[in-house]
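Below: the structure, in structure tokens.
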Amino acid sequence: MNPEIVLGIESSCDDTSAAVIRDGYLLSNVIASQQVHKDYGGVVPELASRAHEKNIVPVVSQAISKAGLTVSDIDAVAFTRGPGLLGSLLVGTSFAKALGIALDKPIIMVNHLQGHILANFIKQEGKENRHPAFPYLCLLVSGGNSQIVRVDSPLQFEILGQTIDDAVGEAFDKCSKMMGLGYPGGPVIDRLAAAGNPERFTFAKPHVPGLDYSFSGVKTSLLYFVRDELKKDPDFMEKNKEDICASFQKVLIDILLDKLVKASRQTGIKEITIGGGVSANSGLRARIQSEGQRRGWNTYLPEFKFTTDNAAMIAIAGYFHLLAGEQTPLDVAPVSRMADF
Ligand code: KG4
């Protein structure tokens, strides 16, 4: 069989990315992160769409030339159909359609979440390329999702639990903003937490039945705590920010792990992965590994470059669809919510 060369395109939020894989091996992965949102403390959808429109052609061209190929070598174009920001998704979807028509090659829609949960299957020359055996559990944690997903094959997955309010990444981002630490909050809190005492302060954990999550209560609990302490000492934040971040990060990780342990116990599955932007968190990565050792799990942590939004994961998911003989009709439209998939 000829090598299957898949171009992946990702434009669901504020990163424009294109990647090329050949037979599952990564040849290139180009990401243009949009800086335009920094001043607003969050992603501004209209600015994101405009930036994607500007970035998409140079990003795709670079990905193809870095792979040492020309555009006519592409066998299929995989793209993120959703979930995400509709205006952003429209740019990637329309571009993929246009390229598919121009090359007379199939286009393949990919669920962004499926990309995250398959990130460990991206193979790289000279690397160990470990990936989980099926079925496995993926803790999918990002700015928009907090889910436990059971994965039975590359194309079959089931959400066992998910947040009923905020995503864990949102809790990091909103609390960082509230504490005046900047955006995006996850990396800032992660860095400060490394120098702090995680046992110094306690925040109440939610009581949610089953395998679902909730992060809005713990966010409010931090808000009230900081507000009350600042009344007593206006310098409280500045003096204690490392310990606050470490304690807050610890409670978020505790909440994530409690349900993951429960899911593993209920399903008997001990192949465990994580994915999504928050899976870059050093505290979470260390905890998954220590918990895994204690419980006899086989754990698989994606490389940092595959934790945040990237097209390599879209290309690998597209590759699996291609192997299954699937392709997407040209009248497909992007969807902003998981429920519409
Ligand atoms: O997957 P992602 O890039 O975008 C989507 O939400 O789709 O995830 C972004 C989220 C943000 O909330 C960001 O604060 C968080 O991932 N994040 C982190 C870290 N790096 C990124 N959260 C905690 N620790 C980190 N090191």
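Just so you know, ligand 1 is whichever comes first in the structure, and atom 1 is the first atom listed for that ligand.
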Legend entry - Closest approach of any protein heavy atom to atom 15 (C) of ligand 1, naming residue and atom: V278 CG2, 3.9 Å
Inset, instruction - Flag the pair M179 / I244 as yes when at least one side-chain heavy-atom distance between them is below 4.5 Å, and no otherwise. - result: yes
Inset, instruction - Please confirm whether H116 comes under 4.0 Å of ligand 1, counting heavy atoms of the residue only. - result: yes
Legend entry - hydrophobic_cluster_shared for I5 and I9, side chain cutoff 4.5 Å: yes
Inset, instruction - For S28 and A63, indicate whether the former's side chain and the latter's backbone hold a donor-acceptor pair under 3.5 Å. - result: yes
Legend entry - Salt bridge present between E303 and K127 (N-O < 4.0 angstrom): yes
Inset, instruction - Looking only at distances, please establish whether an N/O atom of ligand 1 is found under 3.5 Å from an N/O atom of S282. - result: no
Legend entry - Atoms of ligand 1, numbered as shown, that sit under 4.0 Å from any heavy atom of T308: 3 (O)
Inset, instruction - Check the angle between the aromatic planes of F203 and F225 and answer parallel, tilted or perpendicular using the 30° and 60° thresholds. - result: perpendicular
Inset, instruction - Could you tell me how the ring of H112 sits relative to the ring of H116: parallel (under 30°), tilted (30 to 60°) or perpendicular (over 60°)? - result: perpendicular
Inset, instruction - Check ligand 1 against G277 and write out every atom of the ligand that is under 4.0 Å from a heavy-atom position of the residue. - result: 1 (O), 2 (P), 8 (O), 16 (O), 17 (N), 18 (C), 19 (C), 20 (N), 21 (C)
Legend entry - Sub-4.0 Å heavy-atom approach of C13 to ligand 1: no
Legend entry - Close-contact set for ligand 1 against G144 heavy atoms, below 4.0 Å: 6 (O)
Legend entry - Side chain S264, main chain I269, donor-acceptor under 3.5 Å: yes
Inset, instruction - Give the residue and atom name of whichever protein heavy atom lies nearest to atom 9 (C) of ligand 1, and the separation in Å to one decimal. - result: G143 N, 3.8 Å
Inset, instruction - For atom 4 (O) of ligand 1, find the nearest protein heavy atom and state the residue, atom name and distance (0.1 Å precision). - result: D309 OD2, 3.5 Å
Inset, instruction - Could you tell me whether the side chain of Y136 reaches within less than 4.5 Å of the side chain of I272, counting heavy atoms only? - result: no
Inset, instruction - Would you check whether G169 has a nitrogen or oxygen atom less than 3.5 angstrom from a nitrogen or oxygen atom of ligand 1? - result: yes
Inset, instruction - Answer yes or no: does an N/O atom from D190 fall short of 3.5 Å to an N/O atom of ligand 1? - result: yes
Legend entry - Any N or O of D173 closer than 3.5 Å to N or O of ligand 1: yes
Inset, instruction - Would you indicate whether R287, at its atom CZ, is surrounded by more than 12 heavy atoms from other residues, nucleotides or ligands within a distance under 6.0 Å? - result: yes
Legend entry - Identity and distance of the protein heavy atom lying nearest atom 24 (N) of ligand 1: N281 ND2, 3.0 Å
Inset, instruction - Could you tell me the residue and atom name of the protein heavy atom closest to atom 25 (C) of ligand 1, and the distance to it rounded to 0.1 Å? - result: G186 C, 3.6 Å
